[in-house]
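Heads up: numbering here begins at 1 and tracks the sequence.
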Amino acid sequence: DAKPAQDRRELSQLIGGSAFIFGCRVFGAGLTFLAQVLLARWMGASELGVYALAFSWCILLATLSTGGFRLAAIRFVGEGLVRDGSGYILGFMRRSRQLVLIVSVAVAIIGITALTFLAPAGSIAARPAFIIALLAVPWFAILNLYAGFANALSSFALSFLPTNIFRPLLFLTGIVIVWLAGRSLDAGIAIAAQGVALAVVAGVTVAYSQKSFRKVIGDAAPIYETRLWIRTALPLLIAALYSGYFPELMVIMVGAFVPSDELAVFHICIRVSMLISFGLYAVDSFTAPQITMLLTKGDRAELQKIVNRTTRLKFWGAVAAILI
């Protein structure tokens with residue numbers, strides 16, 4: 001009876017953990033959707049389209065700036081935990097943080113320079129919203145990186161609450177305050193509110209995470225395997241772009257061919273349809289640290305059990321979401 005009881009307990013943990021992540025994603029999406037409805041009413045579809053395009057560029061460039069280290073953290077932090085390699089984990093975190101900061105700041109500087117000196121006069125790219133979006137890229141990149149660190153350490157609250165709840169909640173609060181103050185909203189003000197929310201949430205998350213991680217990992221001399229980490233992270237980045245960031249790519253591509261008001265409609269429709277994928281993402285995020293440890297240990301039997309269990313849960317969860 002012990003084995004069936006253990007299986008039921010593991011399934012219960014899987015459902016509970018996945019439900020927490022799914023809840024964070026759905027609640028955050030609800031906040032974002034509410035914010036965009038308010039923006040559409042307060043500043044019109046055309047300005048909303050400009051905002052959607054600028055913020056899609058911010059998300060895409062921030063993702064590129066992480067270089068795949070957010071996903072690579074699942075593997076290398078997991079290996080360090082299995083082998084009790086505190087120095088290895090600290091080295092990975094420090095080196096990836098350095099590289100992401102350098103790349104994201106460089107991306108912001110190059111983008112702002114290009115917009116300032118190369119964009120045609122009067123074009124959509126010359127608007128202040130895009131400059132502000134580029135300034136927010138380093139904050140978003142660091143926030144994403146630390147979410148990856150927390151996910152690898154199975155600290156799911158720290159991984160998903162700042163990005164999915166606190167950031168959109170602070171953004172929503174910001175635009176409501178601007179509206180209540182009697183200011184007219186436009187894409188530049190909206191993206192500025194988003195940038196402030198990113199900076200505040202990223203700063204608090206990094207400060208809190210440093211203390212939280214130290215309790216789990218401890219202190220040790222950092223160990224570096226930079227070439228291995230980069231070789232592993234870059235292919236993961238390519239896979240992530242096509243699996244997790246296709247909406248941003250589509251908004252950017254469509255934005256080159258349609259007016260901004262039509263882009264706003266397209267953007268909202270894509271966001272609604274993406275709600276179905278949140279459950280699949282939630283299951284993967286919860287099981288990824290376990291899978292990494294089992295791969296490191298070579299426990300293929302237990303790994304197969306997790307794969308079977310998660311596949312069934314993802315399938316039936318997706319069916320239910322589509323029907324609803």
Side-chain angles (χ1 to χ4, degrees), residues 60-110 137-156 158-160 162-163 202 205-245 281 284-300 302-303 306-307:
L60 183 62
L61 292 176
T63 304
L64 289 171
S65 298
T66 63
F69 283 104
R70 174 178 179 169
L71 295 175
I74 296 292
R75 171 182 169 181
F76 295 115
V77 172
E79 287 185 5
L81 291 172
V82 170
R83 297 169 181 169
D84 194 23
S86 297
Y88 189 76
I89 297 174
L90 289 170
F92 174 80
M93 288 183 171
R94 182 175 297 180
R95 181 66 77 232
S96 58
R97 183 171 61 244
Q98 292 169 348
L99 292 173
V100 168
L101 273 173
I102 291 170
V103 172
S104 61
V105 171
V107 165
I109 292 173
I110 293 170
V137 166
W139 294 108
F140 211 162
I142 288 297
L143 183 60
N144 284 340
L145 180 65
Y146 270 79
F149 292 161
N151 193 12
L153 292 169
S154 296
S155 180
F156 299 113
L158 187 55
S159 178
F160 292 96
T163 304
T205 299
V206 169
Y208 181 81
S209 297
Q210 291 294 102
K211 296 180 180 179
S212 178
F213 294 164
R214 193 174 294 113
K215 294 178 182 178
V216 178
I217 302 168
D219 291 316
I223 299 172
Y224 299 102
E225 290 186 0
T226 305
R227 290 185 179 180
L228 172 63
W229 298 336
I230 293 175
R231 286 201 309 268
T232 304
L234 290 179
L236 292 174
L237 172 63
I238 296 172
L241 286 174
Y242 284 96
S243 61
Y245 295 92
Y281 177 83
D284 286 338
S285 297
F286 182 78
T287 57
Q290 301 175 45
I291 289 173
T292 299
M293 293 183 184
L294 291 171
L295 281 170
T296 303
K297 294 177 181 178
D299 190 346
R300 293 187 174 273
E302 187 63 25
L303 179 62
I306 289 181
V307 170

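No donor-acceptor distance shorter than 3.5 angstrom exists from the side chain of Thr163 to the backbone of Phe160, with no hydrogens or angles considered. In this structure, the side chain of Ser65 engages the main chain of Leu61 through a donor-acceptor pair within 3.5 Å.
Atoms CD and CZ, on Glu225 and Arg227 in that order, are 12.0 Å from each other to the nearest 0.5 Å. Rounding to the nearest 0.5 Å places CG of Leu71 at 11.5 Å from OG1 of Thr232. The structure places CZ of Arg214 at 6.5 Å from CD of Gln210, a figure rounded to the nearest 0.5 Å.
Taking both residues in full, the closest heavy atoms of Phe149 and Ser96 are given as CZ-OG, 3.2 Å, listed atom of the first, atom of the second, then distance. The shortest non-hydrogen separation linking Leu145 to Arg70 is CD1-N, 4.1 Å. Residue Ala141 comes nearest to Thr66 through the heavy atom pair O-CG2, 3.6 Å, listed as atom of the first residue, atom of the second, then distance.
The local environment of OH in Tyr208 is sparse, with at most 12 non-hydrogen atoms from other residues, nucleotides or ligands closer than 6.0 Å.
Relative ring orientation between Trp229 and Phe92 is described as perpendicular, the plane-to-plane angle rising above 60° on a 0-90° scale split at 30° and 60°.
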Stepwise side-chain contact (heavy atoms from CB on, under 4.5 Å) test for Ile142 and Leu101 = CA-CA 7 Å; Ile142 288 297; Leu101 273 173; 3.7 Å; yes
Where do Phe213 and Ile89 land on the side-chain contact (heavy atoms from CB on, under 4.5 Å) test, with the steps shown first?
-> CA-CA 10 Å; Phe213 294 164; Ile89 297 174; over 6 Å; no
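With Leu153 as the fixed residue, the side chain to side chain contact (heavy atoms under 4.5 Å, CB included) test singles out one of Ile74, Val77, Leu158: Val77.
Within the 4.5 Å cutoff, the side chain of Ile230 has heavy atoms near those of the Phe69 side chain. Taking 4.5 Å as the limit, every side-chain heavy atom of Leu64 sits out of range of all side-chain heavy atoms of Val107. Contact of the Phe140 side chain with the Asn144 side chain is registered, since non-hydrogen atoms from C-beta on lie closer than 4.5 Å.
Residues passing the side chain to side chain contact (heavy atoms under 4.5 Å, CB included) test with Pro138, sequence neighbours excluded: Ser104, Val105, Ala108.
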